[in-house]
Amino acid sequence: TYNANIHRGVHFLSQKGSQAYDEVRTKVKHLINANADNEIVFTRGTTEGINLVAHSYGKLFLKPGDQILISEMEHHSNIVPWQLLCENTGAVLKVIPINTNGEIIENEYHKLLTHAVKIISVVHVSNSLGTINPIKPMIVAARQMAPNAVVLVDAAQSIVHGKIDVQDLDADFLVFSSHKMCGPTGTGVLYGKHHLLERMQPYQGGGDMIKEVSFAGTSYNEVPFKFEAGTPNIADVIAFGAAIDFLNSLKLPLLYEHEIALARFSETELLKLPGVSIIGNAPNKAAVVSFVIEGINTLDVGMYLDTQGIAVRTGQHCTAPLMQKLCIDTTIRASFYFYNTFDEATAFVNAVAKAIKILRP
């Protein structure tokens, strides 16, 4: 009922839309305990947030020989932007190894922390394995052994499963997506410490990111607006705010315990089936069950489960290097959320058992 562009018009509809949009920035600030609203940049999602930092921070501050650290369990969106940055700057990409359980090897991480490291970008929770990485101790170690580095946390999978306090973590950047939080697709957040955002160059040019424009030159708007060029995704950002309100109304720690119980129950029952192996056995895991079945194609299992009304993802989950590390091609991944039930988990396991009977050669 108030569809109008924001931050541009003096008329009622524009003002109403602007207020609703800007209120969401404040909601996100409170959600992650940022210092100020202007540390919240709206993006199209986690992927754009990482690309923004790689482009606007990395291209400006990295030089040949500087190092970027990522882990072996990263999503492609936390690999490719840094590879592109290395190609453009002469920086070197270093990879933190993981063990067979899918955990970062702490000693190996510490060995990689040197004064040459300028960016560390690590996933908080693996989308493929469910591994919860020890982000806070990793940041503490980075401050001590790689004092020139900024740390970016990919919180796409963790943002809704537990309280994230960016000041407590001391993260320099943190990125996540609305659609992991009961919100719409196509919108997300980049959090950045204000002094870092101030020093960075704009990611794109256009409306709302400028202060003054002339053919002689352009001056840029203040943060966060200098990173938000063009007409934004107004409706979905406001809907994202509604999703945050909804989540804030719930007792999330209790719901997270429920999710974990569903996942552990499913893993226990799946392991009773012939040929099933769980992929990712870190003691500290989120509610992700990733598995393979000996002699059966994962895609075939996924297609059969779909006929039973069960939605799982099959494939490499945008983590091809991780699959290569674990010497597997693909997995079947079930992801549990607070709206799932034990009856559904039982139905899922029973359907996998039927799939094995039907599909085993």
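- His7 has its side chain out of reach of Glu228: every pair of non-hydrogen atoms, C-beta onward, lies at least 4.5 Å apart.
- Each ring-ring contact (aromatic ring centres under 6.0 Å, His included) pair with one or both residues in residues 238-269, not counting sequence neighbours, appears once here: His258-Phe342, Phe265-Phe342.
- Across all their heavy atoms, Ala345 and Leu262 have their closest contact at CB-CD2, 4.2 Å.
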Using side chain to side chain contact (heavy atoms under 4.5 Å, CB included), reason through Val122 and Ile104 one step at a time and then give a plain yes or no. CA-CA 10 Å; Val122 182; Ile104 282 175; 4.1 Å; yes
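- Side-chain contact check for His124 versus Ile164: some heavy-atom pair is nearer than 4.5 Å.
- In summary, Asp300 and Arg360 do not engage in a salt bridge, as defined by a charged side-chain N under 4.0 Å from a carboxylate O.
- Here OH of Tyr57 is found 14.0 Å from CG of Leu52. Values are rounded to the nearest 0.5 Å.
- Taking each heavy atom of Thr131 and Glu103 in turn, the nearest pair found is CG2-CA, 4.4 Å.
- Within a 6.0 Å sphere centred on CD of Gln204, other residues, nucleotides and ligands contribute more than 12 heavy atoms.
- Follow the hydrophobic side-chain contacts under 4.5 Å out from Ile119 and you reach Phe61 in the same cluster.
- Looking at Leu152 and Ile50, their side chains come closer than 4.5 Å, going by heavy atoms from C-beta outward.
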List the steps, then state whether side chain to side chain contact (heavy atoms under 4.5 Å, CB included) holds for Leu113 with Leu69. CA-CA 9 Å; Leu113 292 174; Leu69 297 188; 3.8 Å; yes
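- A donor-acceptor contact shorter than 3.5 Å links the side chain of Arg8 to the backbone of Ile6.
- Remark: side-chain polar atoms of Thr319 are paired, donor with acceptor, to backbone N or O of Gln316 under 3.5 angstrom.
- To the nearest 0.5 angstrom, Ile293 atom CD1 is 9.5 Å from Ser277 atom OG.
- Within the 3.5 Å criterion, the main-chain N or O of Gly315 finds a donor-acceptor partner in the side chain of His317.
- Looking only at distances, a side-chain donor or acceptor of His76 sits under 3.5 Å from a matching main-chain atom of Ala320.
- Looking only at distances, a side-chain donor or acceptor of Gln167 sits under 3.5 Å from a matching main-chain atom of Asn33.
- If you check the side chains of Glu74 and Ser71, you find a donor sitting under 3.5 Å from an acceptor.
- When the options Phe338, Phe176, Tyr337 are evaluated for a ring-ring contact (aromatic ring centres under 6.0 Å, His included) with His161, the one that passes is Tyr337.
- Between the side chain of Ser177 and the backbone N or O of Gly188, no donor-acceptor pair lies under 3.5 Å.
- Environment of NZ in Lys163: crowded, with over 12 heavy atoms of neighbouring residues, nucleotides or ligands closer than 6.0 Å.
- Heavy atoms only, all atoms of each residue included: Val276 and Leu271 are closest at O-CD2, 3.8 Å.
- To the nearest 0.5 Å, atoms CD1 (Ile40) and CG (Asp22) are separated by 13.0 Å.
- The main-chain N or O of Ala34 is never found under 3.5 Å from a side-chain atom of Tyr191 such that the two would form a donor-acceptor pair.
- Note that the CG atom of Leu62 and the CD atom of Gln67 stand 10.5 Å from one another [nearest 0.5 Å].
- Between the CG atom in Leu196 and the OG atom in Ser56 there is a gap of 12.0 Å [rounded to 0.5 Å].
- Across all non-hydrogen atoms, the minimal contact from Ser14 to Asn5 is OG-O, 2.8 Å.
- For the side-chain contact (heavy atoms from CB on, under 4.5 Å) test with Ser121, the passing option among Val175, Val153, Ile70 is Ile70; the others fail.
- No more than 12 heavy atoms of other residues, nucleotides or ligands shown are found within 6.0 angstrom of CZ on Arg44.
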Show your working on side chain to side chain contact (heavy atoms under 4.5 Å, CB included) between Asn3 and Leu13 and close with a plain yes or no. CA-CA 7 Å; Asn3 182 25; Leu13 295 179; over 6 Å; no
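- Counting only distance, with no hydrogens or angles, the side chain of Asp170 and the backbone of Val140 share no donor-acceptor pair below 3.5 Å.
- Of all the heavy atoms in Leu112 and Val117, the pair that sits closest is O-CG2, 3.3 Å.
- Shown here are the side chain to side chain donor-acceptor pair (under 3.5 Å) partners of Lys63, two or more places apart in sequence or in another chain: Asp66.
- Counted within 6.0 Å of NZ on Lys94, heavy atoms from surrounding residues, nucleotides or ligands total 12 or fewer; the atom is thus considered open.
- Inter-residue side-chain proximity for Val24 and Phe42 is flagged as met; some heavy-atom pair is nearer than 4.5 Å.
- Under the 3.5 Å distance criterion, with hydrogens and angles disregarded, a donor-acceptor pair is assigned to the side chains of Ser77 and His75.
- Between the side chains of Glu87 and Gln83, no donor N or O sits under 3.5 Å from an acceptor N or O.
- Taking both residues in full, the closest heavy atoms of Asp37 and Thr26 are given as OD2-OG1, 2.6 Å, listed atom of the first, atom of the second, then distance.
- Contact check for Asn127 versus Arg333: side-chain heavy atoms found under the 4.5 Å cut-off.
- Considering only heavy atoms from C-beta on, Leu270 comes within 4.5 Å of Phe348 through its side chain.
- In this structure, Leu31 and Asn248 have side chains that are in contact, with non-hydrogen atoms separated by less than 4.5 Å.
- Panel note: side chain Ser126, backbone Ser128; a donor-acceptor pair is recorded below 3.5 Å.
- A heavy-atom distance below 4.5 Å is found between the side chains of Ile159 and Ile32.
- Residues Tyr304 and Val292 do not share a hydrophobic cluster, clusters being chains of Ile/Leu/Val/Met/Phe/Trp/Tyr side chains in contact below 4.5 Å.
- If you take CZ on Phe173 and CD1 on Ile120, they are separated by 12.5 Å, rounding to the nearest 0.5 Å.
- Ile234 and Phe12 fall within the same hydrophobic cluster, where Ile, Leu, Val, Met, Phe, Trp and Tyr residues are linked whenever their side-chain heavy atoms come under 4.5 Å apart, directly or through other members.
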Verdict with reasoning, Lys180 to Gln157, per side chain to side chain contact (heavy atoms under 4.5 Å, CB included): CA-CA 7 Å; Lys180 303 291 186 179; Gln157 311 296 332; 3.4 Å; yes
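- By the rule that hydrophobic residues join a cluster once side-chain heavy atoms approach within less than 4.5 Å of another member, Val288 and Phe336 end up as members of separate clusters.
- Under the 4.5 Å side-chain heavy-atom criterion for ILVMFWY residues, a single connected hydrophobic cluster contains both Val289 and Val352.
- The main-chain N or O of Leu299 is found under 3.5 Å from a side-chain atom of Asn297 such that the two form a donor-acceptor pair.
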